[in-house]
Asker: 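Okay, handing you the structure first.
Labels below follow one simple rule: chain letters A, B, ... track the order of the sequence lines, proteins then strands, and each chain is numbered from 1.
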Amino acid sequence: MSDKKKYRGKDFIRQMIHHDVDSGVNDGRLATRFPPEPNGYLHIGHALSICINFGIAKEFDAPCYLRFDDTNPAKESDEYVNSIMEDVKWLGFDWGNDLAHASDYFDSIHEFAIELIEKDLAYVDSQTSEEIKNSRGTLNAPGTKSPYRDRPISENLGLFDRMKNGEFENGEHVLRAKIDMSSPNINLRDPIIYRILHLDHQRTGSKWCIYPMYDFAHTLSDAIEGTTHSLCTLEFEDHRPLYEWFLDNLDLPTRPRQIEFSRLNLEHTITSKRKLADLVVSGHVSGWDDPRMPTLSGLRKRGYPASAIKEFCNRVGITKKDKTIEMSLLESTVREELDSSCNRVMAILNPLKVTIKNYPEGETEMLDARNHPKDKEMGSRQLPFSQNILIEKDDFMESPNEDFFRLSPGAEVRLRYAYIIRCDEVIKDENGEIVELICSYDPETKSGTGTSNKKVKSAIHWVSSDHSVSGNVNLFETLYNDPNPDSESPINQNSMVEIHNPAFEKSLVDAVVGSRFQFERNGYFILNTVEDERLSFNRIVTLKDTWAKIQKKKG
RNA sequence: UGGGGUGUAGCCAAGCGGUAAGGCAACGGGUUUUGAUCCCGUGAUGCGUAGGUUCGAAUCCUACCACCCCAGCCA
């Protein structure tokens, strides 16, 4: 059977890897790597790369290196290193002993640079950056050779050594690979492989004042540590000939193969470290972990489970086609995960006072409520019921349409896990604002007793106001209304709305920070903080809302 | 206009010469003490376009079109 048939249904990268492993490339060994530059926080796009690199390695019981591409000390920091490690761990991946840094290889990389010089395949260029830029040519026109291109090997060796020893200023010289100034691929027009940077490095301190460029460092890091498959995004596709040029011309222990896949874009969000950093610096968000950010730390704060992120990446798939995924796919994945795992609980976001006039004043009874409608194993809790309750403002309409089947004057509705009530009277303030409903309950309709055959069109949630817990809730929407935002796009003014006056059912006093709940009919929420017995929740995602859809359709 | 890529439904995505899987979305309907969940049903005579090869083409060939990436001493 051909490999194509054998691995049908797998993504193209897995097909290639299976083929390589089966046919004994690199002795049938597999090793991948996830190589972030520690110059920002990881975002949802990186999650796909993490799932690919760590995921495939896991399937083969092979190593996946977490390797920091730390070759530019001007932009990098330990804060980012730490956040990246935390995020990878959060996603549930373990690099074990395979933690690496490009900077770990600086000595070797330096040696390989000398090897290139000795082979007359690299030279020290002493042009200014402006001159180098001007001689590189354009997309349509070839470049021109540097006047320093034919420097004798010994002179190059001496100059490169003096660069290393700090005898020159930034920009005075660079080391360039000697390839082809007229190549149609600009990456091959004598790319710079080392530059002078008088800057301390977070790991190597002041040891170096020359640092390798990405293409050189990345290729060599892969080869030195034994990575066999270097999986990266599409923008590096035309760097592959350079990657291979290094492999062809240097004496290296392994021959890694670079394979490119398309990056993941999400509607209504930006996934560019640069632009995300701008949001943080400008103060549009509270930080890299703002719950509206598409960063992994933001999604975590928002309450998205790591398992849902991974499943999302799974559903998105791996191809070379440019893709912008709709929010609905992410949200449905999150809901699916939360639906089965979250306890149900009742909370009123916009309270409307209800007095049940025929219920004994001052009396409280405890009602049994299941924590999950489908999973008995998740248990139940006792809800206090009393004469004074709170319902959601939206669950009452004074002059309802036919398709509104909640509470309205004279209409009956079930209070979930409690009784059926009827609205008898509407009380308004001097502005005509509805401030209270006077209702009566039917004692025969107590939940679970089966003593009444009465049918009502809906059941609404409620909280006993005498027993409620207070706090606040943050409701989030996407940071941009524009499905394909750029840096000019305005921030969605409703991206964060705080609800100041919610009422939570009593059982929530025992909730621990970080736990997730479904507030029945309202959505999924995570407990963010508890201060002075006040609970602060973040909304993770809404429930699907058919009612909202009906209203929207009617305009 | 040089080079490198990519085009299958609104968004993803299988397919690999034998007659278009699946998910999300949308739209119907059923169950429901969450307008949730769950269940059932509906969408391509068509695979960027036009030709060609073949008994047979999304799959092979040719031409064209559209879109993305590349001219940092960033990664």
Asker: Regarding A:Lys320, tell me which of base, sugar-phosphate or nothing describes its non-hydrogen contacts under 4.0 Å with the strands shown.
Answerer: sugar-phosphate
Asker: Mind checking if A:Arg406 touches a base, just sugar-phosphate, or nothing, with heavy atoms under 4.0 Å?
Answerer: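 Base contact.
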Asker: Using a 4.0 Å heavy-atom cut-off across all strands, classify A:Lys273 as base, sugar-phosphate, or nothing.
Answerer: nothing
Asker: Mind checking A:Asn140 for me? I need base, sugar-phosphate or nothing, with any heavy atom below 4.0 Å counting as a touch.
Answerer: base
Asker: What nucleic acid atoms does A:Leu197 come within less than 4.0 Å of, heavy atoms only: base, sugar-phosphate, or nothing?
Answerer: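 No contact.
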Asker: For A:Arg416, is there an ion pair with A:Glu520 - N to carboxylate O distance below 4.0 angstrom?
Answerer: yes
Asker: Using a heavy-atom cut-off of 4.0 Å across all strands, would you classify A:Val174 as base, sugar-phosphate, or nothing?
Answerer: base
Asker: Could you tell me whether A:Arg136 contacts a base, only the sugar-phosphate backbone, or nothing, with contacts defined as non-hydrogen atoms closer than 4.0 Å?
Answerer: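 Sugar-phosphate: the residue A:Arg136, judged by heavy atoms under 4.0 Å, touches backbone atoms but no base.
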Asker: Taking any heavy-atom pair under 4.0 Å as a contact, classify A:Ser447: base, sugar-phosphate, or nothing.
Answerer: base
Asker: Looking at A:Ser332, does any N or O in its side chain come under 4.0 Å of the phosphate oxygens OP1/OP2 on B:rC24?
Answerer: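 Answer is no, no contact under 4.0 Å.
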Asker: If the threshold is 4.0 Å, N to carboxylate O, is there a salt bridge linking A:Arg240 and A:Glu237?
Answerer: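 Looking at A:Arg240 and A:Glu237, the cut-off is met.
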Asker: Using a cut-off of 4.0 Å on non-hydrogen atoms, how would the nucleic acid contact of A:Gly523 be classed: base, sugar-phosphate, or nothing?
Answerer: nothing
Asker: Using a strict 4.0 Å threshold on nitrogen-to-oxygen distance, state whether A:Asp222 and A:Arg67 make a salt bridge.
Answerer: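 Yes.
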Asker: Which part of the nucleic acid, if any, lies within reach of A:Glu37 when heavy atoms closer than 4.0 Å are counted: base, sugar-phosphate only, or nothing?
Answerer: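 Touches sugar-phosphate only.
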Asker: Which is true for A:Arg344 with a 4.0 Å heavy-atom rule: it touches a base, it touches only sugar-phosphate, or it touches nothing?
Answerer: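 Base contact - A:Arg344 has a heavy atom under 4.0 Å of at least one base atom.
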Asker: Could you check whether A:Ile192 gets within reach of a base, just the sugar-phosphate, or nothing at all, counting any heavy atom under 4.0 Å?
Answerer: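 Since a base atom lies under 4.0 Å of A:Ile192, the category is base.
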Asker: Within this structure, what is the CD-to-C1' distance between A:Glu235 and B:rC74, rounded to whole angstrom?
Answerer: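 It works out to 12 Å between those atoms.
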Asker: For B:rC38, what is the paired nucleotide under Watson-Crick or G-U wobble rules, both distances under 3.5 Å?
Answerer: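 For B:rC38, the partner nucleotide comes out as B:rG30, under the 3.5 Å rule.
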Asker: Over all strands shown, is A:Phe404 touching base, sugar-phosphate only, or nothing at heavy-atom distances under 4.0 angstrom?
Answerer: base
Asker: Check for me: is A:Tyr214 stacked on B:rA75 by the 5.5 Å centroid and 30° plane-angle rule?
Answerer: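 Not stacked by the 5.5 Å and 30° rule.
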Asker: Considering Watson-Crick and G-U wobble pairs with both distances under 3.5 Å, what does B:rA21 pair with?
Answerer: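 Per the H-bond distance test, none.
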Asker: Check this for me: does any side-chain nitrogen of one of A:Glu444 and A:Lys454 sit under 4.0 Å from a carboxylate oxygen of the other?
Answerer: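 So A:Glu444 does not pair with A:Lys454 through a salt bridge.
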